[in-house]
2 protein chains.
Amino acid sequence: MTIHSREFRSAAILGTPSDIRIDSLFDGCAGQPATLFAAGSEIYAQGEKAGDLYLIEFGAVRVYRLLADGRRQISSFHLAGEVFGFEAGGTHHFFAEAIGATGIRVIRAGHGADRSRELLPLVLQGLVKAQEHLLVLGRQQAAERVAAFLLDMAARQGDLEEFDLPMSRGDVADYLGLTIETVSRVFSRMKDKGIVRLPSLRRVRILKWDTLRAMSE
Amino acid sequence: MTIHSREFRSAAILGTPSDIRIDSLFDGCAGQPATLFAAGSEIYAQGEKAGDLYLIEFGAVRVYRLLADGRRQISSFHLAGEVFGFEAGGTHHFFAEAIGATGIRVIRAGHGADRSRELLPLVLQGLVKAQEHLLVLGRQQAAERVAAFLLDMAARQGDLEEFDLPMSRGDVADYLGLTIETVSRVFSRMKDKGIVRLPSLRRVRILKWDTLRAMSE
DNA sequence: CGGCTCCTTGAGGACAGTCAATCGGGGTGG
DNA sequence: CCACCCCGATTGACTGTCCTCAAGGAGCCG
């Protein structure tokens, strides 16, 4: 069900949220066309052979894992300018899907050169983020989780007052370890209290930053 | 309150649970004495300058983070033979403490040589483990979490029928995002059902592996 | 043997989940 | 351009799992 468009030419990279430089990773693949993934299409699956990395040019990606009965945990979202696809042991332990229409540049593995030096800081940052998210899932209540999530999304889009939520309520729920209904209720409550405005389903404007920060502890 | 014993000579490394070779990391510090950390003593703290790595020779370590009101999430336990201390941005984002009396060999940073190549597989494995733990915290119930935890502890001690739990019930609770009482109740229920035996507070014998595996899904 | 800490067990309550009905908005077709 | 449709989101009522509070028990040290 994956749609690949070799025709699609990349938009400008919107800038990396971190200060880690990734430019050098693309020495060997400059000028390569990006691939377009349609909404919901699979980028890689658990069990597949891993090695390549993926740079998002526009759109967003969810990386997740499933339990046997279908319960899903999204371990991370990735936005424009971010790199994902790191794996251990040469095998993917997770699934990756485009959330909306997403342009991705593939960084092929084994270009000869050893990329450890450039990759290590990126992977370390991913490790810290995952471990910080453990605190959210293990010890925070629903409202605290949503507050932390909104602040993270805002920070990754330049701390603008208003920003996009590329993902559905269901995706947010599966990222925060909650249900759709609980996420929806927390959003509504935040709106009622004047903490946020919700101009549309996929858009948020933060009105009370300090309140949100206090909520996320 | 930290006790460092420069006199202490290391016991044999008990073997790495993974198949990743770490020998080469110690080229520059072979023969260095290990340091003894007393039970509960701090190895490093959040906010401290990072860079060194730590190899456990015996004992166990908890790595955790705190919320403002004292809620604690243990992001990982580390046993004999394992390396920890990876950080991003040169600063520790977590606390590390010895659980019981623990012998640790410090791998000093900046020995000149670039360690990226050896480190990357270790960090990648840590990332996968953290992300897998997200699924446990986000989507599994209490009994499933405990089952997954026991299987993990068993696997890291050679899949022996009977093995040590170096940490307290409180540590287990803070690792699994539960309370002491819930962990205790799940243990008791598993004992009642003949799934495990608990020869002592810090020791477990798994009787029904398949049941545990089915529980952890 | 006493006292301490950690663990266990019980009773009751709260937060989030489940089930179900309704709302709303973006897209399509008339 | 408007009406309809459909999927996602919202809201409400109720349930259940886990947390909180509290008391009692077990192991381990001096």
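The chains referred to below are lettered A, B, ... by the order of the sequence lines, with proteins before strands, and numbering in each begins at 1.
- A salt bridge (charged side-chain N to carboxylate O under 4.0 Å, His left out) check over residues 127-139 of chain B, counting only residues at least two apart or in different chains, returns the pairs A:Arg65-B:Glu132, A:Asp174-B:Arg139, B:Lys129-B:Asp152.
- When every heavy atom of B:Leu127 is checked against every heavy atom of A:Ala130, the shortest pair comes out as CD1-CB, 4.2 Å.
- B:Leu36 approaches B:Gly103 most closely through the heavy-atom pair CD1-N, 4.4 Å.
- Aromatic pair A:Tyr54/A:Tyr44: centroids less than 6.0 angstrom apart.
- Side chain of B:Asp69 to backbone of B:Arg71: a donor-acceptor contact under 3.5 angstrom is found.
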List the protein contact pattern of nucleotides 9-16 of chain D with one symbol per nucleotide (5' to 3'): B for base contact, S for sugar-phosphate-only contact, - for none; contact means a heavy-atom distance under 4.0 Å.
SBBBB---
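- Under the ring pair (Phe, Tyr, Trp, His ring centres under 6.0 Å) criterion, A:Phe163 pairs with no residue at all, not counting sequence neighbours.
- Side chain of A:Gln125 to backbone of A:Leu122: no donor-acceptor contact under 3.5 angstrom is found.
- For residues 159-172 of chain B, the salt bridge (charged side-chain N to carboxylate O under 4.0 Å, His left out) pairs, not counting sequence neighbours, are B:Arg62-B:Asp171, B:Arg72-B:Asp171, B:Glu161-B:Arg205, B:Glu162-B:Arg203, B:Glu162-B:Arg205, B:Asp164-B:Arg203.
- Neither side chain, A:His93 nor A:Gln46, offers a donor N or O lying under 3.5 Å from an acceptor on the other.
- Proximity of residues 133-148 of chain B to DNA chain C (heavy atom under 4.0 angstrom from any strand atom) is not detected for any residue.
- Side chains of B:Glu97 and B:Tyr64: a donor on one and an acceptor on the other come within 3.5 Å.
- Under the side-chain hydrogen bond (donor to acceptor under 3.5 Å, both in side chains) criterion, B:Ser216 pairs with no residue, sequence neighbours left out.
- A 4.0 Å heavy-atom criterion places the boundary nucleotides of DNA chain C facing chain B at C:dC7 to C:dA11, written 5' to 3'.
- Taking five base pairs at each end of the helix from C:dC1-D:dG30 to C:dG30-D:dC1 and finding the rotation axis that steps the C1' atoms of four pairs onto the next four gives two axes whose angle is 40°, to the nearest 10°.
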Distance-only check: which donor-acceptor pairs under 3.5 Å involve side-chain atoms of residues 186-198 of chain A, not counting sequence neighbours?
unit_1, atom_1, unit_2, atom_2, d
A:Ser188, OG, A:Ser184, O, 3.0

Please determine whether side chain to side chain contact (heavy atoms under 4.5 Å, CB included) holds for the pair A:Phe95 and A:Val63, giving the CA-CA distance in whole Å, both sets of side-chain angles, and the decisive distance to 0.1 Å.
CA-CA 6 Å; A:Phe95 297 90; A:Val63 175; over 6 Å; no
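- In this pair, A:Tyr175 and A:His133 present their aromatic rings parallel. The plane angle is below 30°, not in the 30 to 60° band.
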Taking only N/O atoms, report every protein-nucleotides 2-4 of chain D pair under 3.5 Å with atom names and distance.
none

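- For the atom pair CG (A:Leu176) and OG1 (A:Thr182), the distance works out to 10.5 Å, reported to the nearest 0.5 Å.
- Side-chain N or O atoms of A:Thr102 include one that pairs as donor or acceptor with a backbone N or O of A:Gly100 at under 3.5 Å.
- In terms of the side-chain hydrogen bond (donor to acceptor under 3.5 Å, both in side chains) criterion, A:Gln140 has no residue partners (sequence neighbours excluded).
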Restricting to nitrogen or oxygen on both sides, can you table the protein-nucleotides 28-30 of chain D pairs closer than 3.5 Å?
none

